[in-house]
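Each remark here refers to the structure printed beneath this line.
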Amino acid sequence: MFGRTVTVGMTAADVGRMETLVIGVLVLWVLVALGVAVVLGRGIRLADTRARAARALTTADLPAEFQPGVSARR
């Protein structure tokens with residue numbers, strides 16, 4: 001009784017496609033997570049590098065022709 005597999009409305013080909021789909025989604029999820037981890041890690045490394053700089057960046061370091069993208073006026 002416990003040794004039999006009962007599928008309702010699914011053939012062996014459907015089960016194979018479902019397994020392929022699940023494995024494909026898991027692989028895609030791992031690749032996206034790896035990409036996010038790399039981007040986040042590089043951002044943290046860049047922030048650490050800037051924090052260790054001899055002098056912090058200020059507005060005096062901006063070029064003279066710099067214009068802010070957002071107007072302060074309302």
Side-chain angles (χ1 to χ4, degrees):
M1 176 172 192
F2 294 108
R4 287 187 280 166
T5 302
V6 178
T7 59
V8 178
M10 290 184 74
T11 63
D14 293 336
V15 173
R17 274 190 241 148
M18 184 64 83
E19 289 172 348
T20 303
L21 178 67
V22 169
I23 290 171
V25 168
L26 289 174
V27 167
L28 181 65
W29 185 84
V30 167
L31 291 175
V32 169
L34 181 64
V36 169
V38 167
V39 169
L40 188 61
R42 286 182 181 253
I44 291 171
R45 186 180 318 146
L46 180 63
D48 285 344
T49 302
R50 287 186 178 171
R52 279 184 258 145
R55 180 176 69 84
L57 294 175
T58 65
T59 54
D61 296 320
L62 294 173
E65 64 275 357
F66 177 78
Q67 295 293 321
V70 179
S71 175
R73 297 183 315 185
R74 290 190 178 203

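Scope of the values below: all heavy atoms of this structure, side chains included, with no hydrogens, waters or symmetry mates.
Two different hydrophobic clusters hold V38 and V30 under the rule that ILVMFWY side chains link at heavy-atom gaps under 4.5 Å.
Once rounded to the nearest 0.5 Å, the distance linking CZ of R42 with CD1 of I44 reads 13.0 Å. For the atom pair CG (L28) and CD1 (I23), the distance works out to 13.5 Å, reported to the nearest 0.5 Å.
Within the structure, every pair that satisfies the salt bridge (charged side-chain N to carboxylate O under 4.0 Å, His left out) test and touches residues 56-70, not counting sequence neighbours, is listed here: R55-D61.
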